[in-house]
Amino acid sequence: MLFLLYLILPVLAQLSLPNPPYLPPDSSKGAEPSSATTIPNPQWSTLLGNLIYFYDAQRSGNLSTNNRVSWRNASAVNDGKDVGFDLSGGYYDAGDFIKATFPLSFTLMSVCWGAIDHGRGYDLANQTAYLDSMLRWGLDWMIKAHPSPSTLYVLVGSTDVDNAYWGGDQNIPANRPSYSIDDTKPGTDAAASASGAFAACAALYSNRGFNGSYSAPASLHDDTYAQTLLTHAEQLYSFAVNATGGQKTYQSSVPAIGEAYGSSGFGDDLTIAALFLAWASISTSYYQQAEQYFQQYKLTKQNTVFNWDSKTPGVYVLFAQIIQASSSFGGSLSTWQTECERYFDAIVNGNSGASTTDDGLLFYDGDSDDASLNPALNAAMLLSRYAPMASTSDKKNKYSEFAQSQLDYVLGKNSMSGRFLIFYFPFVSNPNSPSNPHSAMASGGNDINNIDTSPAEEAYVLYGAVIGGPDKRGRFFDIRSDWPETEVALDYNAPMLTLAAMHGQPCDAAISGGCGGGHKLSKGGTIALAVVLTVVGLIILGLLAWFLRLRWNRK
Ligand SMILES: *[C@@H]1O[C@H](CO)[C@@H](O)[C@H](O)[C@H]1NC(C)=O
Ligand SMILES: *[C@@H]1O[C@H](CO)[C@@H](O)[C@H](O)[C@H]1NC(C)=O
Ligand SMILES: *[C@@H]1O[C@H](CO)[C@@H](O)[C@H](O)[C@H]1NC(C)=O
Ligand SMILES: *[C@@H]1O[C@H](CO)[C@@H](O)[C@H](O)[C@H]1NC(C)=O
Ligand SMILES: *[C@@H]1O[C@H](CO)[C@@H](O)[C@H](O)[C@H]1NC(C)=O
């Protein structure tokens, strides 16, 4: 009986979704100017709502009765049958149809971390129920993908089959093999990364916020669900640490993950998992293990990107956050401030090894070539999170300003005057913004040899999707086949959720410069920008909305 309750309660406790549902607003709504004094700023609320809506469009399996995306259908409902498990559900990773656990884990960890820090932004925008639904759709699938303590499914679908198919969700090739790691064929990175996601989300669902300048966790407190997540986190961590097959990267056990999502190492994954476990379960032992991995894998003094494969910069910030919030773990805040500030100073001073495009986007050779906005937005997210802990007000300002510059870039302050989100705000935002995402489902086409022209116009609007981004010279080509620039992916949206939630809060709940009332672009903004975005205190004013509506009416 107790056992049954355990299974049923988490489902019952899911927040009920608003009725009528939030949908990306139509053009007439967008023409309403927003008031500078309205908290939350409706533009940020809309952005946050659309960013979450993108995840609804990526859902796999039987869609829930609350499906908001009218053009999506149930799909891949037999996933897992090949191995005797139900692995249906979860999310399609990007513009195609594989389900990949490693980048999904990073996405969920990132979103939960942001919702711990800036949960009021979700609450004020009335998006917390959608956040809850979005997280559970991913976490409940990860629970299914972790059917025993030392088994984790890391890939469903074949990248080869997938690369040969371009079409909608009704004709996805049925050949969708399921691949797992286990005790004899381990994957330290994938197991630890999944552990980190479960642990970070356990902290969120336990309402375990960091103090300091953060607002509060989003209001989705559910101790039962948190405990379930924590149990999976602990089991996966033990699996990562103690598998009899040893410690190794997961592609050595599952070569099929191949070029799509191979991992470069696991020291960062072990460390961040141990840290989130320490925080979620208030455990000094996990904290000390994190310190030990940090030494063992020589994670100090790195200047790497922060992304699904490279979590070390996040480790620096999380150590600092944990120590600031609780002295019970031991450790010294100033040690971690020094580490963080070395890392962030190098970025803002331009000597981290990354470059910037001529028009100002932070660019890591290699990592940024496949999707330039993601490293920059992840840096903006970490800088914004760390800024309130900076040792001097000068550093705090520099970090906030740099973070703002990257966010502004994505929202239109760039040489193309383009907004690198799909129609995040009503409809055609401007001629230079993307309208041809590399998304088989949204395109409506099924001719793999002519994906750019068949059909001429994208069939469905993929609201809220952050796309890959421009090239190293700041040029952007709105062409479906140019996947590094136009593809969408679960992890691309993740940092933007946190930034939008942060900016959607009143100033007293967020860091200076990072809140609805205090947000403005620098005076030195380009002239071109004024045409596209007039930002005085807020992002979009009536002028732009009017412009948008005219354009929309012409279509
Ligand atoms: C999906 O929905 C169909 C039809 O309602 C049902 O027969 C099937 O059992 C469902 N599958 C899962 C995994 O829930
Ligand atoms: C959130 O919901 C409340 C209560 O229904 C409403 O007053 C408020 O305007 C909503 N805020 C947003 C941003 O939709
Ligand atoms: C969902 O099914 C409808 C009706 O068959 C179809 O028009 C639509 O294109 C499908 N959606 C996708 C993403 O394939
Ligand atoms: C956070 O809380 C701890 C106690 O739990 C306290 O020592 C510390 O000063 C607090 N930090 C801030 C910035 O409020
Ligand atoms: C790994 O195994 C050792 C030896 O049995 C045990 O002491 C340790 O707690 C295990 N570590 C984890 C994280 O489970």
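Atoms within each ligand, like the ligands themselves, are counted from 1 in listed order.
Using a 4.0 Å cut-off between charged nitrogen and carboxylate oxygen, R480 and E487 do not count as a salt-bridge pair.
Aromatic rings from F54 and Y463 are positioned such that their centres are separated by 6.0 Å or more. In this structure, W113 has its ring center closer than 6.0 angstrom to the ring center of F276.
By the salt bridge (charged side-chain N to carboxylate O under 4.0 Å, His left out) test, R208 is found to be paired with no residue, residues two or more places apart in sequence or in another chain being considered.
With hydrogens and angles left out, the side-chain atoms of Y22 and N50 include a donor and acceptor closer than 3.5 Å.
Listed by number with element, the atoms of ligand 3 under 4.0 angstrom from any heavy atom of G168 are 14 (O). Close approach of ligand 2 to S45 is summarised as follows: ligand atoms under 4.0 Å from at least one heavy atom of the residue are 13 (C). If you number the atoms of ligand 3 from 1 as listed, the ones under 4.0 Å from a heavy atom of N73 come out as 1 (C), 2 (O), 3 (C), 8 (C), 10 (C), 11 (N), 12 (C). Every atom of ligand 2 is numbered from 1 in the order shown, and the set under 4.0 Å from a heavy atom of L124 is 11 (N), 13 (C).
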Criterion side-chain hydrogen bond (donor to acceptor under 3.5 Å, both in side chains) on T184 and D182, from CA distance to verdict: CA-CA 6 Å; T184 53; D182 60 31; 3.2 Å; yes
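With hydrogens and angles disregarded, no donor-acceptor distance shorter than 3.5 Å links the side chain of R59 to the backbone of G89.
Here's the thing with R72: none of its N/O atoms is less than 3.5 angstrom from an N/O atom of ligand 3.
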When you check ligand 5 against the protein, what N or O pairs turn up below 3.5 Å? List the atom names and distances, or just say none.
residue: ligand 5; atom: 2 (O); partner: N242; partner atom: OD1; Å: 3.2
residue: ligand 5; atom: 2 (O); partner: N242; partner atom: ND2; Å: 2.3
residue: ligand 5; atom: 11 (N); partner: N242; partner atom: ND2; Å: 2.9
residue: ligand 5; atom: 14 (O); partner: S238; partner atom: OG; Å: 2.8

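A218 and L131 get closest at one heavy-atom pair: CB-CD2, 3.8 Å.
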